[in-house]
Amino acid sequence: MKCNLCLITAIALSIVCGRSSANEPTLDKPWNVLFLVADDLNSWLLEDADRYAGKVVAPNLRKFAASGVNFTRAYTAAPVCSPSRTAFFSGVSPWHSGHYHNALQVQQSEPLNNAFSLAGCFKQSGYTTACYGKITHGWDQKEQWDEKVGHKRDPAPPGSPLTTVGRGEQDWGPTHLAEGDMNDTGNADLTIAQLQKQHDEPFFIAFGTFNPHMPWYVPQKYFDMFPMDEVTTPQLLNNDLDDVPPLGVAITSGKGRFVDSVLEHGLHKDAVQAYLATTAYVDAQMGRVLDALDRSPYKDNTIVVFLSDHGFHLGEKHHWQNATLWEEATHCLLMFRVPGVTRTGCMCQQFVSLQDIYPTLADLCSLDRPSYLDGRSLVPLLKVPNAKWDSTAITCLSDKSSPDQGYVTIRNESGRYIRYAKGQEEFYVTTQDPHEWANQIDNPRHAETIETLKNAVPSFSEMATPLPPVQRKREDDE
């Protein structure tokens, strides 16, 4: 009942917001842009019980979502950090660039070599550009930033790993650092300082958190927000991968072993608590930056966009972290506030992509946009959130251990279609099966829908060949 009520409320809000758009702003100066990104932040804070029915502490992001248009069905172009960020910041989709996964030789991609970054597009139009924290990853045009401070991982606490299953970055627990000494906090400080300056030229300021990327090391006070008896774990299905084709299983096999370890040690609740704690920490830093903007003289002529680069699994479909083509890894957050254009309290339930951000900001700010941009401008949906829209929610990935072919999925109101290689596919009727537990690819009742979705994704011939992996030097070669 609660879920149905939320859906009815969301639809009603969308209809109300869509009846008439706000008047176009009449500015005596150009727009500024505040561009906010969180790493690995999934969609739990959207309060969709089909995704997660437990407590999530994110008052600042929820407040921001209510101040403009919250795109509740936004999807990444790639469910991994580097290709996702490269795609939305270059405007080149993975199926054109061949950049499907992390640690690939991006310099071998001709489309990326010919691309012009979002920051560069603003800089050539006279904007001051500044970047703090994790915005790009693996592809950047550093000369397009007037000031750039990249992200760093915080040092691990003494005695780490702190959990019995901890290995590498897959660990969690209270940090030994004061909150003010954490890198995400410091980058928030730098962003706030920029917003407190007098700017004679319009600005494009980007702030990105490394968290909630693993490991989850944040102050104890954030863990205390989630007493263990109040922590809910996501719903899991035994033998969930039985109807997944071999290439889909191959993608998740390595992380599945970590899921087994977490469950065998009885640490699923502990892990979820740590993820929620780190989410709350990120929300606090985003809140500080948003509050600084609201206290500044730039509030009324600054476009704010918040996004997460992709989603995150915490055991669903026997997987951990990202890098799948299922809902948990592909579904992400996207929110816009454009003073004088967006109305407060609007939800847009159209299926959109992070690839749509670049053309949207170019349109809003009247920039001379590159002709090659993939994606479509979201401006019509910012004005009328329930306007007609064909899904742009196409996501690509490759198997990191065997990157011979790009895989692709599309999500729309009919469901999710996934195409691997060698004729291996999946289809989920998400209105009836939101957890994507039952692969219906061979069900003749859905043949027409599946064919329509097949025709909506890039063909094999249109998909760029995956870029070669980065060659790691061995010690004896140095």
Side-chain angles (χ1 to χ4, degrees), residues 33-43 45-46 61 65 68-97 99-102 112 115 117-119 121 134-140 204 206-209 213 303-312 322-337 348-364 369-370 372-379 381-382 389-397 408-412 416 457-458:
V33 176
L34 179 61
F35 191 86
L36 307 174
V37 186
D39 198 299
D40 285 9
L41 184 58
N42 66 17
S43 60
L45 65 84
L46 295 180
L61 289 174
V69 178
N70 184 6
F71 289 89
T72 60
R73 290 171 171 171
Y75 291 82
T76 183
V80 197
C81 295
S82 181
S84 170
R85 292 164 183 266
T86 297
F88 69 66
F89 218 72
S90 69
V92 181
S93 62
W95 52 96
H96 284 149
S97 69
H99 188 19
Y100 297 106
H101 219 298
N102 284 343
L112 289 178
S117 77
L118 181 60
C121 195
K134 188 172 182 181
I135 301 298
T136 58
H137 181 175
W139 181 89
D140 198 358
F204 177 88
F207 166 58
T209 61
H213 193 294
I303 297 167
V304 186
V305 56
F306 171 81
L307 62 141
S308 56
D309 55 354
H310 46 70
F312 199 92
N322 49 27
T324 76
L325 292 174
W326 298 309
E327 187 76 7
E328 287 77 18
T330 60
H331 192 201
C332 52
L333 300 172
L334 180 61
M335 307 166 188
F336 269 86
R337 184 176 73 199
C348 178
Q349 298 189 78
Q350 304 289 29
F351 290 86
V352 303
S353 171
L354 298 186
Q355 208 64 36
D356 302 326
I357 294 172
Y358 195 149
T360 302
L361 290 176
D363 280 2
L364 286 169
R369 53 183 277 183
Y372 66 81
L373 291 185
D374 293 320
R376 295 203 306 272
S377 172
L378 298 169
V379 170
L381 296 180
L382 294 176
W389 181 268
D390 292 329
S391 173
T392 53
I394 297 175
T395 304
C396 287
L397 183 66
V408 65
T409 181
I410 185 170
R411 181 77 163 83
N412 71 5
R416 174 181 300 283
V457 299

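Keep in mind it's a predicted model, so treat the numbers as computed, not measured.
In this structure, M335 CE and L36 CG are separated by 10.5 Å, a value rounded to the nearest 0.5 Å. Note that NE2 of H213 is 13.0 Å distant from CG of L41, once rounded to the nearest 0.5 Å. Here CH2 of W95 is found 7.5 Å from OG1 of T395. Values are rounded to the nearest 0.5 Å. Between the CD1 atom in I357 and the CG atom in L307 there is a gap of 4.5 Å [rounded to 0.5 Å]. Remark: C81 SG to D39 CG distance equals 4.0 Å, nearest 0.5 Å. One distance of note links CZ of F35 with CZ of F306; it measures 11.0 Å at 0.5 Å rounding.
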Between S377 and D363, does a side chain to side chain donor-acceptor pair (under 3.5 Å) hold up when you go through it step by step?
CA-CA 7 Å; S377 172; D363 280 2; 2.9 Å; yes
Please lay out, stage by stage, how L46 and N70 fare under the test side chain to side chain contact (heavy atoms under 4.5 Å, CB included).
CA-CA 9 Å; L46 295 180; N70 184 6; 3.6 Å; yes
Assess whether side chain to side chain contact (heavy atoms under 4.5 Å, CB included) is satisfied between N42 and H331, documenting all intermediate values.
CA-CA 7 Å; N42 66 17; H331 192 201; over 6 Å; no
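S82 and G138 get closest at one heavy-atom pair: OG-CA, 3.9 Å. The nearest pair of heavy atoms linking S97 to V92 is CB-CG1, 3.7 Å. Pairing each heavy atom of N322 with each of V80, the nearest pair is ND2-CA, 4.4 Å. Listed here is the closest heavy atom pair of C121 and Y358: CB-OH, 3.4 Å. Taking all atoms of both residues into account, the shortest heavy-atom contact from C396 to V408 is SG-CG2, 3.8 Å. Between W139 and A115, the closest heavy-atom pair is CZ2-CB, 4.0 Å.
Looking at heavy atoms from C-beta onward, V37 lies in side-chain contact with R85 at the 4.5 angstrom threshold. Using a 4.5 Å heavy-atom threshold, the side chains of C348 and L334 count as separate. Contact annotation: the side chain of L364 approaches that of L382 to within less than 4.5 Å [non-hydrogen atoms, C-beta and beyond]. Within the 4.5 Å cutoff, no side-chain heavy atoms of Y75 are placed close to those of S353. The shortest distance between side-chain heavy atoms of R376 and P359 does not fall below 4.5 Å. When side chains are defined from C-beta on, R411 counts as touching E327, because their heavy atoms get closer than 4.5 Å. The shortest side-chain heavy-atom distance between H99 and S90 does not fall under the 4.5 Å cut-off. Proximity of L378 to W389: side-chain heavy atoms (C-beta onward) are separated by under 4.5 Å at one or more points.
For the side-chain hydrogen bond (donor to acceptor under 3.5 Å, both in side chains) test, residues two or more places apart in sequence or in another chain that qualify with D356 are T392. Every side-chain hydrogen bond (donor to acceptor under 3.5 Å, both in side chains) that T76 has, sequence neighbours left out, goes to S84. Listed by chain and number, the residues in a salt bridge (charged side-chain N to carboxylate O under 4.0 Å, His left out) with R337 are D294 (sequence neighbours excluded).
Checked for salt-bridge contact, K134 and D40 miss the test: no charged N lies under 4.0 Å from a carboxylate O.
Looking only at atom types and distance, the side chain of S93 has a donor-acceptor partner in the side chain of D374 under 3.5 Å away.
Put simply, the side chain of Q349 never gets that close to the backbone of T72: no donor and acceptor are under 3.5 Å apart. A donor-acceptor pair under 3.5 Å is formed between the side chain of S308 and the backbone N or O of L333.
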